[in-house]
J.: 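Let me give you the structure first, and then I'll get to my questions.
What you see below is based on every heavy atom in this structure, not just the backbone, and it leaves out hydrogens, waters and symmetry mates. Remember, it's a predicted structure, so these values are computed and weren't measured experimentally. Residue numbers run from 1 in the order of the sequence given.
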Amino acid sequence: MCEDDHENDHAGIGRRAVFVTGAAAALTLTTVSFASAAGGTGPRTRTVRGTLPPGAPDFVYVPVEVPRGVREIHVAYTYDRPTVPAGTQGNALDIGLFDEQGTDLGGRGFRGWSGGARTEFFVRADAATPGYLPGPVRAGTWHIALGPYTVAPQGLSYKITVTLTHGEQDEAPRPVYPPERAKGRGRAWYRGDCHLHSEYSDGRYTLAEIAELARAAGLDFINSSEHNTHSAHAHWAEHAGDDLLILLGEEITTRNGHVVALGTDPGTFVDWRYRARDNRFGRFARQIRRAGGLVVPAHPHATCIGCNWKFGFGEADAVEVWNGAYTPDDEVALADWDGMLVASVRDGRRDWIPAMGSSDSHRSPDVIGRPQTVVLADDLTREAIQEGIRAGRSYVAESSKVSLSLTASGGRGEHAGIGERLRVAADTPVTVRLEVTGAPRCTVRLVTDQGVLFTSDPLPVSGAGVVEWRTTASYAAYVRAEVRHEAAAGPLPGALAAFTNPVFLGS
């Protein structure tokens, strides 16, 4: 038994003041004190209980006064899951930890987040539960962060048990990060999956399993993207190699949509505690870019609570149009992205947002590398891959079996590929050519700013074929390709096997 077991009651939560921290509304509860534990030798435990009402703030902080001489903090929690009527949300409570540096927006005191994936965690100088950061346990006011994701009409009753263990602290490990370069093939097409989850957030894959499955899927690069934590960054180095480039990032999981930070500097943490109405996203998008990363809104039309993207696309470097197994919300995202392309050419803008695809894999049977973004890059380096993605020199395929080549050429030897512009006069004849392999019985559609202007017969069972179509820049401001499986029934198009970013036509 742990010594000095005390219990606090937060049942009077409704009497506590709600305040705004420069982000979403937050609530701070009564401090859990361990003052009498100072100088002790054994573990000390405090238990707190409370109830959060429907409409609770996005974040509820439980202050914990940590005395000197503590070597480990351990937190366990439970909450009730009452029966609710059909169509009504039940209880779901996320959890994380901030140290004595505080809870200010920006995350200076951030020490970890496990969302709803774990019921307990610990932090020490030399080690921590996946999702949390090892480091010194210093005296001061720490904060357990509760995130009531959904609250049932009956309210959400919780119990938190905090245990402090005294003793001398071990030395904190020095982080080692994966290299920013792998052995490439010079300027070539490289395959990657930039949205993956492991046991360091809510996934079940280990890092070793992800690396093994990525190699088996024919990938050249991946991006670490755990929900609201960068804790995996320091654990990837041993899984990289000449054949696999591992980029570091985060999936910033707000209540108004998720965004992947792709290829940030090692150790970069990006805060998520804001909504679209708080007008804070631009600040953190700029932070991602300052850290050398790309800003990629993820699954913008996903139907899960808080997943639908509400921040707009003004800060996006690319957008994740295809997420995991192809579903109707991906079809909506694809159509929405095409609408953004149409708007850019209609308004005469040269800036446009490239599309990507990633698996968002969490656990078996999720397929790592379905889909994958195939990028034309000068080499297999962080910078070169990012530049290829940012320029839109890429296409998305359901597996490494599928390969595409889309080009447009004029009558005088002019030519352009995916993400490029063919500079020809408005009435110059243009030949668009798509070469496909690995897509048996699939149909090719060529899509322009005027809509779908060409649909092929099904490809042969070999999966290889060539499609040519002639147009002019006055008829098509851009051309992109979709390779689709046979439709199951009705007029709806079949699921994607692959699609490209556009080739632009005209001066």
Side-chain angles (χ1 to χ4, degrees), residues 58-59 75-77 92-98 107 110-123 127-135 144-150 175 177-178 193-214 222-237 239 246-264 266-274 284 288 291 293 296-299 302 304-307 320 323-324 358-368:
D58 285 347
F59 303 102
V75 177
Y77 82 120
L93 183 63
D94 296 339
I95 196 167
L97 185 68
F98 289 78
F110 177 77
R111 290 300 291 268
W113 183 256
S114 48
R118 299 182 185 280
T119 59
E120 61 183 306
F121 61 85
F122 76 90
V123 171
T129 300
Y132 294 80
L133 303 174
I144 298 166
L146 301 178
Y149 185 60
T150 55
Y177 301 112
D193 190 345
C194 295
H195 186 170
L196 299 156
H197 296 282
S198 76
E199 61 184 352
Y200 281 82
S201 58
D202 64 341
R204 293 293 179 267
Y205 289 125
T206 66
L207 303 189
E209 287 171 335
I210 289 177
E212 180 182 2
L213 291 168
I222 58 175
N223 179 67
S224 176
S225 56
E226 308 294 357
H227 291 286
N228 296 344
T229 180
H230 60 297
S231 62
H233 286 195
H235 301 276
W236 273 113
H239 307 293
I246 299 178
L247 307 177
L248 302 177
E250 180 186 338
E251 183 177 6
I252 298 97
T253 307
T254 80
R255 297 299 177 86
N256 285 161
H258 304 182
V259 59
V260 171
L262 197 166
T264 52
T268 298
F269 167 72
V270 184
D271 213 321
W272 73 96
R273 294 171 294 159
Y274 43 86
F284 293 101
I288 292 170
V296 184
H299 45 65
C304 48
I305 295 173
C307 295
E320 185 187 80
N323 176 278
S358 297
S359 72
D360 199 1
S361 292
H362 285 70
R363 62 188 66 81
S364 179
D366 295 350
V367 179
I368 290 174

J.: Is there side-chain contact between E320 and C194, with at least one heavy-atom pair below 4.5 Å?
T.: no

J.: Does L133 offer a backbone N or O that forms a donor-acceptor pair with the side chain of R111 under 3.5 Å?
T.: yes

J.: List the atom of G147, the atom of F59, and the distance in Å for their closest heavy-atom pair.
T.: CA-CD2, 4.4 Å

J.: Can you tell me how far the OG atom of S358 sits from the CD atom of E251, to the nearest 0.5 Å?
T.: 10.0 Å

J.: Write down the atom of F98, the atom of A145, and the distance for their closest heavy-atom approach.
T.: CE1-CB, 3.9 Å

J.: Side chains of S201 and N228: does their closest heavy-atom pair fall under 4.5 Å?
T.: no

J.: Got a second to check how far Y200's OH is from T129's OG1, nearest 0.5 Å?
T.: 10.0 Å

J.: To check you understand the geometry: which heavy-atom pair defines the closest contact between P178 and I246, and what is its length?
T.: CG-O, 3.7 Å

J.: Under the 3.5 angstrom rule, does the side chain of D271 hit a backbone N or O of G107 as a donor-acceptor pair?
T.: yes

J.: Under the 3.5 angstrom rule, does the side chain of S224 hit a backbone N or O of L248 as a donor-acceptor pair?
T.: no

J.: List for me each residue that meets side chain to side chain contact (heavy atoms under 4.5 Å, CB included) alongside S359, sequence neighbours excluded, and say none if there are none.
T.: D193, L196, S361

J.: Do Y149 and R255 have side chains that approach each other closer than 4.5 Å (heavy atoms only, starting at C-beta)?
T.: yes

J.: Without swapping roles, check the side chain of T206 against the backbone of E209 for a donor-acceptor pair under 3.5 Å.
T.: yes

J.: One pair to check against side-chain contact (heavy atoms from CB on, under 4.5 Å): I144 and L97. What are the steps and the verdict?
T.: CA-CA 5 Å; I144 298 166; L97 185 68; 4.2 Å; yes

J.: Restricting to non-hydrogen atoms, name the atom on S231 and the atom on P130 that form the minimum distance, rounded to 0.1 Å.
T.: OG-C, 4.4 Å

J.: Between OH of Y77 and OG1 of T119, what distance do you get to the nearest 0.5 Å?
T.: 7.5 Å

J.: Does one side chain, of D360 or H197, offer a donor that lies under 3.5 Å from an acceptor on the other?
T.: yes

J.: Roughly how far, to the nearest 0.5 Å, is the NE2 atom of H239 from the CG atom of L207?
T.: 4.5 Å

J.: Might you point out which heavy atoms bring A128 and Y132 nearest each other, and give the distance in Å?
T.: CB-O, 3.6 Å

J.: Can you list everything that forms a side-chain hydrogen bond (donor to acceptor under 3.5 Å, both in side chains) with T254? Sequence neighbours excluded, please.
T.: none

J.: Atom OH of Y205 and atom CZ of R363: how far apart are they, to the nearest 0.5 Å?
T.: 9.0 Å

J.: Is any side-chain heavy atom of C307 less than 4.5 Å from a side-chain heavy atom of H299?
T.: yes

J.: Among residues at least two apart in sequence or on other chains, which ones pass side-chain hydrogen bond (donor to acceptor under 3.5 Å, both in side chains) with D202?
T.: H227, H362

J.: With a 4.5 Å heavy-atom cut-off, do E226 and S198 have their side chains touching?
T.: yes

J.: Any side-chain heavy atom of I288 sitting closer than 4.5 Å to one from I252?
T.: yes

J.: Hey, mind stepping through W236 and I222 against side-chain contact (heavy atoms from CB on, under 4.5 Å) and telling me if it holds?
T.: CA-CA 11 Å; W236 273 113; I222 58 175; 4.0 Å; yes

J.: Just how far is it from atom CH2 of W272 to atom CZ of F284, taken to the nearest 0.5 Å?
T.: 10.5 Å

J.: Can you tell me how the ring of F269 sits relative to the ring of F110, calling it parallel under 30°, perpendicular over 60° and tilted otherwise?
T.: parallel

J.: Closer than 3.5 angstrom, by distance alone: can the side chain of T229 be matched with the main-chain N or O of G131 as a donor-acceptor pair?
T.: yes

